[in-house]
Amino acid sequence: MSVPVLREAPAPPSFAVRSGLWLFARHLFTVMVTVAVVMAVWAVVSAPFVMVFIVDKSFSASGYAGAALWVAGVVGVATLAITPIALVLERLVLRGGRVWTVAGVLLPVVLGVAIAGGVVAMFKLTGSPGAYKAVGITAFLMLLLVIYWPVLWALNLASFVLRRIRHAYQVRRRP
């Protein structure tokens, strides 16, 4: 009984594709998802206020649409502002060791705790309007990064899984 010898198959592709087009598409999609998630949260939070204005018959659809566009614009600009930070963090995680990988996985959790700590510090420790604005802007940017970072890595993971499946299929098809 002979055992078939498998030819050497090329190594599966690396975790993250290094092409500039994939990098651009991945981060652009992540920006769009981040804006969509924040807009959905904003719609849910503002829904009770809209209901009150509808009941009072003072609801203005154009005013609400203008506010929604303003929020989407602010979120879009802020998300584009954190994109370079996410690029640097992504490269550190991909090229660093296990410590950077663990740091990348724990980043959303740490940022969520930092947001809560910043809000508590804002009300308990400081009383100046400048501190309120600084903590508010920082919490907003951290909130965006908390959404942005997991979406980005979900895309990386999906790409990795699809490449592994494709590689396994190609290896199986070879005679």
Side-chain angles (χ1 to χ4, degrees), residues 16-17 20-94 100-162:
V17 177
L21 182 61
W22 170 242
L23 178 79
F24 177 75
R26 186 175 63 230
H27 283 275
L28 180 65
F29 183 74
T30 304
V31 166
M32 291 187 311
V33 168
T34 302
V35 171
V37 167
V38 172
M39 289 304 298
V41 168
W42 181 77
V44 167
V45 168
S46 68
F49 301 109
V50 169
M51 289 302 172
V52 168
F53 288 125
I54 288 175
V55 169
D56 287 345
K57 295 183 177 39
S58 61
F59 178 72
S60 167
S62 63
Y64 186 74
L69 286 175
W70 183 81
V71 169
V74 168
V75 171
V77 167
T79 304
L80 289 175
I82 65 168
T83 299
I85 296 167
L87 278 167
V88 169
L89 288 172
E90 180 185 21
R91 293 298 167 209
L92 283 173
V93 169
L94 288 175
W100 283 108
T101 303
V102 170
V105 170
L106 294 178
L107 180 68
V109 175
V110 171
L111 288 176
V113 171
I115 290 170
V119 170
V120 168
M122 181 173 57
F123 289 118
K124 296 287 183 178
L125 301 177
T126 62
S128 70
Y132 289 140
K133 289 178 184 175
V135 169
I137 290 170
T138 305
F140 178 64
L141 291 175
M142 284 191 294
L143 172 71
L144 292 179
L145 196 56
V146 165
I147 297 167
Y148 191 99
W149 193 245
V151 170
L152 177 67
W153 283 99
L155 286 173
N156 280 341
L157 182 62
S159 172
F160 174 72
V161 168
L162 290 174

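Worth knowing before you read on, the calculation uses all heavy atoms, side chains too, and leaves out hydrogens, waters and symmetry mates.
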Open item on the list: Please check if the number of heavy atoms outside Met32 that lie under 6.0 Å from its CE is greater than 12.
Closed with: yes

Task: Rounded distance (nearest 0.5 Å) linking atom CG of Leu106 with atom CH2 of Trp149 - done: 12.0 Å

Task: Between CZ on residue Arg26 and CH2 on residue Trp153, distance to nearest 0.5 Å - done: 7.5 Å

Open item on the list: Looking at Leu155, is its backbone amide N or carbonyl O close enough to the side chain of Ser159 to form a donor-acceptor pair, meaning the two atoms are under 3.5 Å apart?
Closed with: no

Task: With sequence neighbours excluded, residues passing side-chain contact (heavy atoms from CB on, under 4.5 Å) with Ile82 - done: Leu141, Leu144, Leu145, Tyr148

TODO: Kindly write out the residues that satisfy side-chain contact (heavy atoms from CB on, under 4.5 Å) with Val74, not counting sequence neighbours, or none if the list is empty.
DONE: Trp70, Phe140

Task: With Leu80, the side chain to side chain contact (heavy atoms under 4.5 Å, CB included) member among Val31, Val35, Thr34 - done: Val31

Open item on the list: With heavy-atom distances below 4.5 Å as the criterion, would you say the side chains of Phe49 and Val52 are in contact?
Closed with: no

Pair up each side-chain donor or acceptor in residues 38-46 with any protein partner under 3.5 Å, not counting sequence neighbours, and list the distances.
from: Ser46; atom 1: OG; to: Trp42; atom 2: O; distance (Å): 2.9
from: Ser46; atom 1: OG; to: Ala43; atom 2: O; distance (Å): 3.4
from: Ser46; atom 1: OG; to: Tyr64; atom 2: OH; distance (Å): 3.0

